[in-house]
Every structure is written in C-alpha cells, then in structure tokens.
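Quick notes on the structure that follows.
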Amino acid sequence: MSNSSSLNEFLLLAFADRRELQLLHFSLFLGIYLAALLGNGLIITAVACDHRLHTPMYFFLLNLSLLDLASISTTVPKSMANSLWDTRAISYLGCAAQVFLVVCLFGGEYSLLTVMAYDRYVAICRPLHYGTIMGSRACVKMAAAAWASGFLNALLHTANTFSIPLCQDNTVGQFFCEIPQILKLSCSDSYLREVGLLVVSVFLVFVCFVFIVVSYVQIFTAVLRIPSEQGRHKAFSMCLPHLAVVSLFLSTVMFAYLKPPSISSPALDLMVAVLYSVVPPTLNPLIYSMRNKELQDALRKVISSPVFSSGNIAIALHK
C-alpha cells in the first residue's frame, strides 16, 4: 500500500472476536450511550426551559452538555454498529470525519472548561463586577471562541494528518480513528510535521491548565475567607462540580497520551480510550447535578412535566 490515495477504508480495533462478547459490548455501549443521551438531554432541556437557570454558569453548562452529546455520538454509535454487524470497517472519509469531530469537540470542551473556570473566578473573587464582566454578549463570545478554537484546531490537524502518505497498513489500533493511531500508519519521517503541531497543541493545553490552576488557587483562597459556613458551602457547591469534571477530563486524556510506551498494549489503549472518550460525557451530568439544588429542582420539573410523564414526547414535539 503505497500511499493514502489508495486507501478506501480503515479497519478499527474490535473489542472481541467471539460473537457473544461482541453482543455484550454492543449492549454495554448502548446502555452507556442512552445514559449519556438522557443525562445531557435533561440538562439541556432544564437549562433552556427554566428561566432561573438563564445565567452564565448554566449557559456554559448547556454548551458543555452539547459538546458531550456530540463527542460521544461521534465514537460510540459506529463502534456499536461494528460489533452488531460483526465488521471492523470505516470508510476513509468516515475516518477523516471522525478524527475532525473528535479533535474539534474535545478541544472545544477543554476551551469551554477553561472559560468556566474564569466564570467561577469572577463569581467568587469579583462578585461586585460579575454582572458587568460576564454579560450576555461576553458569555456568547466566550462560548463561540471555545467552539471556534476546537474547529480551527481540528481543521488544521485533520488536514495535516490525512495529507501524510500512509504506507504501513490500514488497521487502526483503536475503536475509533484518532491521530496517534493514524500516524503509526505513516511512512518514515513523514509524520514529523504533525508531531510538531501536536507539540504546539500540548503547549496551549498546558497554558490553559495553568490558568485553571491559578484560578482555583485564588478561588479557594477567597472561599476560605468567607466568614459564614453557609456562604462557604454555597461557593464550594458552585466550584467543586466543575473542578471534578476538569480533573476527570484531564486525568483520562493525559494518561491516554502521556503514558510510557513500555506499558502500552492494545487492551490497555482500548481501555484508556474508553475512559477519556466515553466516561466523561456520561458522568458529567451526574457530577453537575449531584450538589446543585437549583439544577436538581429544574430537572425534577422537567421529569415531572406532562411530556415526560405521559410519554407523548413525539406528540408534544409535533405540536
């Protein structure tokens, strides 16, 4: 196979060869996917419908849920379909689209988590200026910048990755197409340009990480100065879910891409990919709703609404 122009498809890594295990994988992923759809869908509906949640914090949370829904929908359904139909194939264009969407959505999510850290910093450390700094236009611009940064980053990496000649094989060592696995199929030294771009991206990720850490150092310093226990509890309830989501996202991604090659194996790479691509979008709604009374009340209203209680969702949407 001389170059990428002769490729019509890639072969993804299968979770199992036995039919029973393939169906088990399909069932498990289906359950996880439905849980992610339900959790993120409820948060989007609650924030959109409850006027009390029309604040910057919940506006960013709505965007985070949209990114989570899109990211898990990029990888999981294709993997489920492959297990169900006992195939490993993904088309060349489908693989390129998957790489683009994965980089775009995860890059956008990381940028949005950085913006949310700034929102929490302003709310806790500069409360008197919160309404001025975090106005509606400013929030829309910040969210748009997060989405745009992911889009531009994905466009650059995808175009560069798939311009590299591929001459090793067409077998991708992962259950979805990702850049490190595509680079393993490249010809000698032809991948160095993409490695350089990845180094630049890692540097930008590190800058955002430092910004988040500095923000939370100042946040916790300010919170500990609050005299009332109720005030400290409210401040922590606002910040801890976001910090938990950031920690979950960063720890899984960093372990996936920074683990030593000596401990790498197909089974471990598969497990780590599930951790950073499937687990965060599924757990984020639970983390955010666990300590947030306002969000819990809004979710109860959504669940107890006639649309959900009667099961006539399609009729309500049609009306």
Side-chain angles (χ1 to χ4, degrees), residues 56-57 59-61 63-68 70-72 99 101-126 133-134 138-139 141-157 178-180 194-224 235-236 238-261 263-264 269 272-284 287-288:
M57 181 176 76
F59 170 72
F60 293 133
L61 180 57
N63 278 268
L64 181 66
S65 292
L66 288 172
L67 285 165
D68 281 338
S71 64
I72 198 170
V99 167
L101 289 173
V102 166
V103 176
C104 175
L105 296 168
F106 278 96
E109 181 162 341
Y110 187 62
S111 299
L112 187 67
L113 289 173
T114 306
V115 170
M116 293 173 77
Y118 177 69
D119 171 67
R120 296 300 84 212
Y121 163 76
V122 176
I124 302 297
C125 299
R126 303 185 64 183
I133 297 174
M134 303 301 295
C139 291
K141 289 179 180 177
M142 290 180 189
W147 284 84
S149 65
F151 176 84
L152 293 175
N153 190 43
L155 189 65
L156 182 64
H157 282 290
E178 63 175 1
I179 291 177
E194 174 59 23
V195 171
L197 288 175
L198 287 174
V199 170
V200 173
S201 296
V202 169
F203 174 75
L204 295 176
V205 166
F206 179 73
V207 170
C208 291
F209 174 74
V210 171
F211 179 84
I212 293 173
V213 170
V214 171
S215 297
Y216 269 98
V217 167
Q218 297 188 58
I219 286 171
F220 287 132
T221 301
V223 169
L224 293 175
F236 277 124
M238 292 168 60
C239 297
L240 289 181
H242 175 258
L243 190 59
V245 169
V246 172
S247 301
L248 177 65
F249 183 81
L250 284 180
S251 60
T252 53
V253 172
M254 288 176 66
F255 183 73
Y257 288 97
L258 299 181
K259 67 180 185 300
I263 67 170
S264 182
D269 291 345
V272 170
V274 170
L275 284 177
Y276 84 80
S277 65
V278 177
V279 173
T282 307
L283 291 185
N284 285 353
I287 292 173
Y288 267 105

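The side-chain heavy atoms of Val122 and Tyr118, taken from C-beta on, include a pair separated by under 4.5 Å. Side chains of Met57 and Leu61 form no contact here, defined as non-hydrogen atoms less than 4.5 Å apart. Between Phe151 and Leu105 the shortest side-chain heavy-atom distance does not fall below 4.5 Å.
Aromatic ring centres of His242 and Phe60 lie farther apart than the 6.0 Å criterion allows.
The heavy-atom pair separating Thr282 from Val278 by the smallest distance is OG1-O, 2.9 Å. Nearest heavy-atom pair across Asn153 and Ser201 is OD1-OG, 3.4 Å. The two atoms that bring Ala222 and Ile124 nearest to each other are CB-CG2, 4.0 Å, heavy atoms only. The minimum heavy-atom distance linking Glu109 with Asn284 is given by the pair OE2-ND2, 3.6 Å. Across every non-hydrogen atom of Met134 and Cys139, the tightest pair is O-SG, 3.6 Å. Between Ile287 and Ala244 the shortest heavy-atom distance is CG2-CB, 3.8 Å.
Here the straight-line distance linking atom CG of Leu275 with atom CG of Leu248 works out to 8.5 Å at 0.5 Å rounding. Rounding to the nearest 0.5 angstrom, the gap separating the CG atom in Leu113 from the CZ atom in Phe211 is 12.5 Å. Atoms CD1 and CE, from Ile212 and Met116 in turn, are 10.5 Å apart once rounded to the nearest 0.5 Å. Atom CZ in Phe220 sits 11.0 Å away from atom OG in Ser215 (nearest 0.5 Å). Going from atom OG1 of Thr114 over to atom CG of Asp119 covers 12.5 Å, rounded to the nearest 0.5 Å.
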* Asked: Are Leu283 and Tyr288 close enough, and set up right, to give a side chain to side chain contact (heavy atoms under 4.5 Å, CB included), and what steps lead you there?
  -> CA-CA 9 Å; Leu283 291 185; Tyr288 267 105; over 6 Å; no

* Worked verdict on Leu66 versus Trp147 for side chain to side chain contact (heavy atoms under 4.5 Å, CB included) -> CA-CA 11 Å; Leu66 288 172; Trp147 284 84; 4.2 Å; yes

* To do: Start with the C-alpha gap between Val246 and Phe209, add the side-chain angles, then the distance that decides, and say whether side chain to side chain contact (heavy atoms under 4.5 Å, CB included) holds.
  => CA-CA 9 Å; Val246 172; Phe209 174 74; 6.0 Å; no

* Asked: Could you go step by step and tell me if Phe106 and Tyr110 meet the ring-ring contact (aromatic ring centres under 6.0 Å, His included) rule?
  -> CA-CA 6 Å; Phe106 278 96; Tyr110 187 62; over 10 Å; no

